[in-house]
Protein chains: 2
Amino acid sequence: MATKGITNRQRIIEAADRLFYVRGYNRTSFSDISDATGLPRGNFYYYFKTKEDILDAVMDSRVESFGQMLKACTQATDDPHARLLAFVRQPLQNEQVLQYGCPFGTLSAELGKSPSAEASRAQITAVFDVLRHWCAGQFGALGVTPARADQLALELLARMQGMTLIASIYNDREFLQRTGAGIESWLDEIIKHEVQA
Amino acid sequence: MATKGITNRQRIIEAADRLFYVRGYNRTSFSDISDATGLPRGNFYYYFKTKEDILDAVMDSRVESFGQMLKACTQATDDPHARLLAFVRQPLQNEQVLQYGCPFGTLSAELGKSPSAEASRAQITAVFDVLRHWCAGQFGALGVTPARADQLALELLARMQGMTLIASIYNDREFLQRTGAGIESWLDEIIKHEVQA
DNA sequence: TTCAGACTCGGACAATCGTATGACTCCACT
DNA sequence: AGTGGAGTCATACGATTGTCCGAGTCTGAA
């Protein structure tokens, strides 16, 4: 019953996810997804009423995959500092980041430009809030006030977004590594100056 | 003769520039530009052979406008440090940056995703090179080595891109101001530690 | 064995896309 | 006065878009 259906639905999401990432949302057509999955165009309507529904499913998928990544960072160690370091190192190892940028950052830049982007914008911020709150939680566990922890979380995300954007524009692996190291030492400084041991 | 023609051509470029910025390149159609200018769709072909030609003209226009901005920063003072400060403060005063992000950053994120984006990518890097070389020039004038100046220039651009992206996602004016101030004090630190007075 | 419903398929819908053309107006110049 | 080219305009092309549907297949339950 709902077994094969879910499989195909998942196949659509995965193909759309990759295409949205590589080609962008607007430049990806149903035909593209059809070619990638082998499923006929008309079949999509059975699972998703509109293209935006596919986008929603893709974003949910990315949120979940990022959630698992954060979970892995959380479970790897009890030290919030080490957790943040693991989080920062994540994009440095990912080869595709160099080519296509951050899956969330680029999508946000694309979807942020909409006629009345109430729905999209809310979804984008919700996505970033996942990262934001996780980072803020780690900073908070280090002993800074919640307000300051949120500030630091935003600054960390901004640094990482800028890093991935510039790195992908210039396709510069060395810059990616160097800036990643810079963020790591910035984290060290933060902890050294703001955290009472 | 070529007077009214240039006027209309300019009108197309300006309308396309604004639309590409607000709605994105892919989501902007000839009809949109037609509505914005009042000029019939078919007329565009007289000035531009393809949509990408319009994009080229728009990017040239943005490069020139950024060039003038850099020129203003250069002429304002002889002190490279003050010049860099003026450059950093530029997006903080621009209201639209909060809504739509950096005109180059968002466009780069959008155009970076192309089938075989040889042409677009080259143009994007050329655009960023303008900023990169100017910043590197200022750092160089402060006395650091050319290689180090280029590194600092890239890092500055990355920080500003990350700042504008996060600020536009959350529409957070306070974050924009705070992070801008953070970049300024980072500049102070750089100069204090790396420049021999 | 039958049947309802989950699922699949190919095609077609209207709309819009970017592109293109041919006839038109206007003005500078001879 | 008349010619030629710059500029303007309405229109329409083929292709593709996202959407949608009717008919079909398959399968588990009755």
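This structure is a prediction, so every number in the text was calculated from the model and none was measured. Numbers restart at 1 for each chain; the letters A, B, ... are given by sequence-line order, proteins then strands.
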Over how many whole Å does the gap from [X] atom [atom1] to [N] atom [atom2] extend?
| X | N | atom1 | atom2 | value |
| --- | --- | --- | --- | --- |
| A:N26 | C:dT16 | CG | C1' | 15 Å |
| A:I12 | D:dG18 | CD1 | P | 14 Å |
| A:L39 | D:dT19 | CG | P | 17 Å |
| A:D32 | D:dG18 | CG | C1' | 13 Å |
| B:R27 | C:dT16 | CZ | P | 14 Å |
| B:L19 | C:dG18 | CG | P | 12 Å |
| B:Y47 | C:dA20 | OH | C1' | 17 Å |
| B:K51 | C:dG18 | NZ | P | 4 Å |

Inset, instruction - Would you mind classifying the nucleic acid contact of A:T28 as base, sugar-phosphate or nothing, using non-hydrogen atoms under 4.0 angstrom? - result: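 Counting heavy atoms under 4.0 Å across all strands, the contact made by A:T28 is with sugar-phosphate only.
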Just by distance, no angles: are the side chains of [X] and [Y] close enough, under 3.5 Å, to form a donor-acceptor pair?
| X | Y | answer |
| --- | --- | --- |
| B:D56 | B:Q123 | yes |
| B:Q68 | B:E64 | yes |
| B:S29 | B:D32 | yes |

Inset, instruction - Would you mind telling me which of C:dT19, C:dA6, D:dT8 lies closest to the side-chain atoms of A:Y46? - result: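 The listed nucleotide nearest to A:Y46's side chain is C:dA6.
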Legend entry - Nucleotide of C:dG18, D:dC9, D:dT8 approaching B:P40 most closely (side-chain heavy atoms): D:dC9
Legend entry - For A:P91 against A:L176, the heavy-atom pair lying closest together: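 Result for this residue pair: O-CD2, 4.0 Å.
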Legend entry - Nearest non-hydrogen partners of A:G180 and A:V88, listed with the distance: O-CG1, 4.1 Å
Legend entry - N-O pairing of A:E155 and A:R159 below 4.0 Å: yes
What are the atom names and distances for every N/O pair under 3.5 Å that joins the protein to nucleotides 20-24 of chain D?
from: D:dC20; atom 1: OP2; to: A:Y45; atom 2: OH; distance (Å): 3.3
from: D:dC21; atom 1: N4; to: A:G42; atom 2: O; distance (Å): 3.3

Legend entry - Residue pairs passing the ring-ring contact (aromatic ring centres under 6.0 Å, His included) test where at least one lies in residues 155-190 of chain A, sequence neighbours excluded: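 Matches after skipping sequence neighbours: none remain.
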Legend entry - N or O in side chain of A:S29 less than 4.0 angstrom from D:dT16 OP1/OP2: no
